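See below for the structure under consideration.
As a basis for the values below, the full set of heavy atoms in this structure was taken, side chains included, without hydrogen atoms, waters or symmetry mates. A quick note: this is a predicted structure, and the numbers were derived from the prediction, not measured.
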Amino acid sequence: MIARVHIDVLVDDIPAVEGVLPLHGLSILLSLEYEGGVTKKILFDTGPYSSVLLKNSETLGVELEPDIIFGSLHHFHHIGALRNSFPTTPRVLPPPPVARAGRPMSQLQGLSDVYVLVGDSYWNEQGLALKTPKGWLVVVGCSVHGLKRTFGARLLGLGRVWGLIGGLNISTRDVFNLAFVRRLAQRGLKLALPLHSTSMEARKTILERFNSYDFGYEVSGCGVQADIEF
Ligand SMILES: [Fe+2]
């Protein structure tokens with residue numbers, strides 16, 4: 001059982017702290033601590049450039065030695081840094097776009113309570129669903145067709161989504177997708193950390209209305225470092 005997740009947001013469109021380089025893209029280091037003390041590190045996306053990923057990691061004091069790299073979307077701004085970094089690290093990438101894979105939810109290689117959540121779009125976007133004592137903690141990269149269209153059916157099918165982290169693809173006045181986040185909140189969503197593909201105003205709205213987890217940052221973005229306890 002996962003007892004704790006530490007997150008380091010290493011690449012994102014908007015900075016949450018001084019000193020990091022903001023850039024259109026996403027990379028989050030997920031450090032999973034299991035009961036018994038075993039820790040596994042998943043690098044969720046890499047952002048477009050390894051130079052920015054490494055620089056921000058250095059600025060934030062993050063040791064970037066993941067056990068596995070998970071790519072959410074076959075697009076430069078999500079996995080571009082893989083071109084010239086982490087050549088020997090195991091990686092799980094989505095199938096190429098257009099050819100619909102129709103995959104069921106499956107366990108991520110060798111990791112207990114970590115599942116690949118397949119989006120519904122011809123991009124074959126995929127996210128992660130972590131089974132925790134409080135409910136599902138879901139991490140998504142881009143929500144390329146908007147959160148509801150891309151992952152909505154999958155999220156509702158999970159049951160209680162306790163936490164939602166990542167690119168939600170919601171603009172300031174996107175009442176359609178904001179209403180979907182409200183629906184998740186009515187079903188038990190307590191932690192919401194909007195990143196990437198989510199506008200500044202939409203991030204603030206989501207944090208104010210739907211997040212009750214104290215991250216300690218004015219806005220969610222590059223540089224957020226937090227321990228999530230279960
Ligand atoms: Fe994206």
Check: So, T150 versus S143: side-chain donor-acceptor pair below 3.5 Å or not?
Finding: no
Check: Just checking, is any N or O donor in the side chain of D45 or S27 under 3.5 Å from an acceptor N or O on the other one?
Finding: no
What distance do [X] atom [atom1] and [Y] atom [atom2] have between them, rounded to the nearest 0.5 Å?
X    : Y    : atom1 : atom2 : result
L73  : S197 : CG    : OG    : 9.5 Å
Q225 : L60  : CD    : CG    : 4.5 Å
K148 : I170 : NZ    : CD1   : 11.5 Å

Note to self: Would you say that V114 contacts I2 through its side chain, given a criterion of any heavy-atom pair below 4.5 Å between the two side chains?
What the structure shows: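 Yes, side chains in contact.
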Next item on the list: Using a 4.5 Å cut-off on heavy atoms from C-beta on, say whether the side chain of R4 contacts that of I228.
Entry: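 Contact flag for I228/R4 side chains = no.
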Would you name the heavy atoms of [X] and [Y] that are closest together and state the gap between them?
X    : Y    : value
K41  : E65  : CD-O, 4.2 Å
L191 : N211 : CA-OD1, 3.4 Å
L29  : L10  : CB-CD1, 4.1 Å
C142 : S72  : N-OG, 4.5 Å
E125 : F151 : OE2-CE1, 3.5 Å
D227 : Y213 : O-OH, 2.7 Å

Item checked: Salt-bridge present (R154, D120; N to O < 4.0 Å) -> no
Check: So which of L130, L108, I69 actually passes side-chain contact (heavy atoms from CB on, under 4.5 Å) with I42?
Finding: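 It is L108; the other options fail the test.
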Item checked: F70 and its ring pair (Phe, Tyr, Trp, His ring centres under 6.0 Å) partner, picked from F86, F44, Y115 -> F44
Note to self: I need the full list of salt bridge (charged side-chain N to carboxylate O under 4.0 Å, His left out) pairs touching residues 198-212, with sequence neighbours left out, sorted by first then second residue.
What the structure shows: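 Counting only pairs at least two positions apart or across chains, the salt bridge (charged side-chain N to carboxylate O under 4.0 Å, His left out) contacts touching residues 198-212 are D12-R203.
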Next item on the list: Please report the C-alpha distance between L53 and L43 in whole Å, then the side-chain angles of each, then the deciding distance to 0.1 Å, and finally whether the side-chain contact (heavy atoms from CB on, under 4.5 Å) criterion is met.
Entry: CA-CA 11 Å; L53 176 64; L43 185 61; 4.2 Å; yes
Next item on the list: Only one of N169, T205, T172 passes side-chain hydrogen bond (donor to acceptor under 3.5 Å, both in side chains) with S199; say which it is.
Entry: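 For S199, the side-chain hydrogen bond (donor to acceptor under 3.5 Å, both in side chains) test succeeds with only one of N169, T205, T172, which is T172.
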Check: Should the ring pair H77 and H75 be called parallel, tilted or perpendicular, given that the plane angle runs from 0 to 90° and is split at 30 and 60?
Finding: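 Perpendicular, since the angle between the ring planes exceeds 60°.
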Item checked: N56/D8 under side-chain contact (heavy atoms from CB on, under 4.5 Å): CA gap, chis, key distance, verdict -> CA-CA 10 Å; N56 283 344; D8 296 290; over 6 Å; no
Next item on the list: Would you please name every residue forming a ring pair (Phe, Tyr, Trp, His ring centres under 6.0 Å) with F76, sequence neighbours left out?
Entry: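 With neighbours one apart ignored, the set is Y49.
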Margin query: According to a hydrophobic-cluster definition based on side-chain heavy atoms being under 4.5 Å apart (Ile, Leu, Val, Met, Phe, Trp, Tyr only), do L168 and L26 belong together?
Written below: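 No, L168 and L26 fall in different hydrophobic clusters.
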Check: Hey, any chance L147 and L189 share a hydrophobic cluster, counting ILVMFWY side chains that come within less than 4.5 Å of each other, even indirectly?
Finding: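 Per the 4.5 Å side-chain linkage, L147 and L189 are co-clustered.
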